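Note that the structure is predicted; figures quoted are calculated from it, not measured. The first residue in the sequence is number 1, and the count goes up from there.
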Amino acid sequence: ISTLLQTTAGAQALADTLTALYAVPRHLYTLTAALDDALALQPGDCVALNHAGETRNLLVIGTRGRYSSDVLDLTLWG
């Protein structure tokens with residue numbers, strides 16, 4: 001496997017970071033937002049979802065525009 005990692009410590013640090021993502025239960029959310037508000041969102045962006053007094057920081061993993069309805073369907077993970 002080709003890699004740019006130079007040391008065992010660097011490889012371990014990357015492995016620890018990646019596995020930490022899965023240490024906490026994560027969920028997928030699908031929601032619809034007004035096109036004007038969400039047009040700039042792209043996969044890889046982070047958003048804050050506020051619901052019932054709780055805020056969750058989520059990652060945008062998918063977008064689909066429904067331009068005839070002026071809405072954008074978002075798929076969020078976190």
Novice: Residues in side chain to side chain donor-acceptor pair (under 3.5 Å) with N50, at least two apart?
Specialist: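 With neighbours one apart ignored, the set is T55.
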Novice: Group every Ile, Leu, Val, Met, Phe, Trp and Tyr by side-chain heavy-atom contacts under 4.5 Å, then state whether L5 and L18 land in the same group.
Specialist: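 Yes, it is one cluster - the side chains of L5 and L18 are joined through contacts under 4.5 Å.
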Novice: Any side-chain heavy atom of H51 sitting closer than 4.5 Å to one from R56?
Specialist: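 Answer no - side chains too far apart.
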Novice: Please list, one pair per line, the donor and acceptor atoms closer than 3.5 Å that link side chains of residues 7-15 to other protein atoms, with sequence neighbours excluded.
Specialist:
unit_1, atom_1, unit_2, atom_2, d
T7, OG1, G10, N, 2.9
Q12, NE2, D16, OD1, 2.7

Novice: Determine whether a donor-acceptor pair (N or O, by modelled atom type, separation under 3.5 Å) exists between the side chain of R26 and the backbone of W77.
Specialist: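 Not confirmed, R26 side chain does not pair with W77 backbone.
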Novice: Starting from V24, can I reach L59 by hopping between I/L/V/M/F/W/Y residues whose side chains sit under 4.5 Å apart?
Specialist: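 Each belongs to a different hydrophobic cluster.
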Novice: Between C46 and L58, is there a side-chain heavy-atom distance shorter than 4.5 Å?
Specialist: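 Answer no - side chains too far apart.
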Novice: Nearest 0.5 Å please: distance from the OG1 atom of T63 over to the CG atom of L41.
Specialist: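 Atom-to-atom, T63:OG1 and L41:CG are 8.0 Å apart.
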Novice: Search all heavy atoms of D45 against all heavy atoms of A40 and return the closest pair with its distance.
Specialist: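 That would be OD2-O, 3.7 Å.
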Novice: Does L76 reach the side chain of V47, with side-chain heavy atoms less than 4.5 Å apart?
Specialist: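 Yes, close enough: below the 4.5 Å cut-off.
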Novice: Report the C-alpha separation of L49 and L31 in whole Å, then their side-chain angles, then the decisive distance to 0.1 Å, and conclude whether the side-chain contact (heavy atoms from CB on, under 4.5 Å) test is met.
Specialist: CA-CA 10 Å; L49 179 65; L31 55 97; 4.1 Å; yes
Novice: Can you name the nearest heavy-atom pair linking A33 to L74, along with the distance?
Specialist: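 For A33 versus L74, the nearest heavy atoms are CB-CD1, 4.2 Å.
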Novice: Residues two or more places apart in sequence or in another chain: which of them pass salt bridge (charged side-chain N to carboxylate O under 4.0 Å, His left out) with R66?
Specialist: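 In terms of salt bridge (charged side-chain N to carboxylate O under 4.0 Å, His left out), with neighbours along the sequence ignored, R66 is linked to D73.
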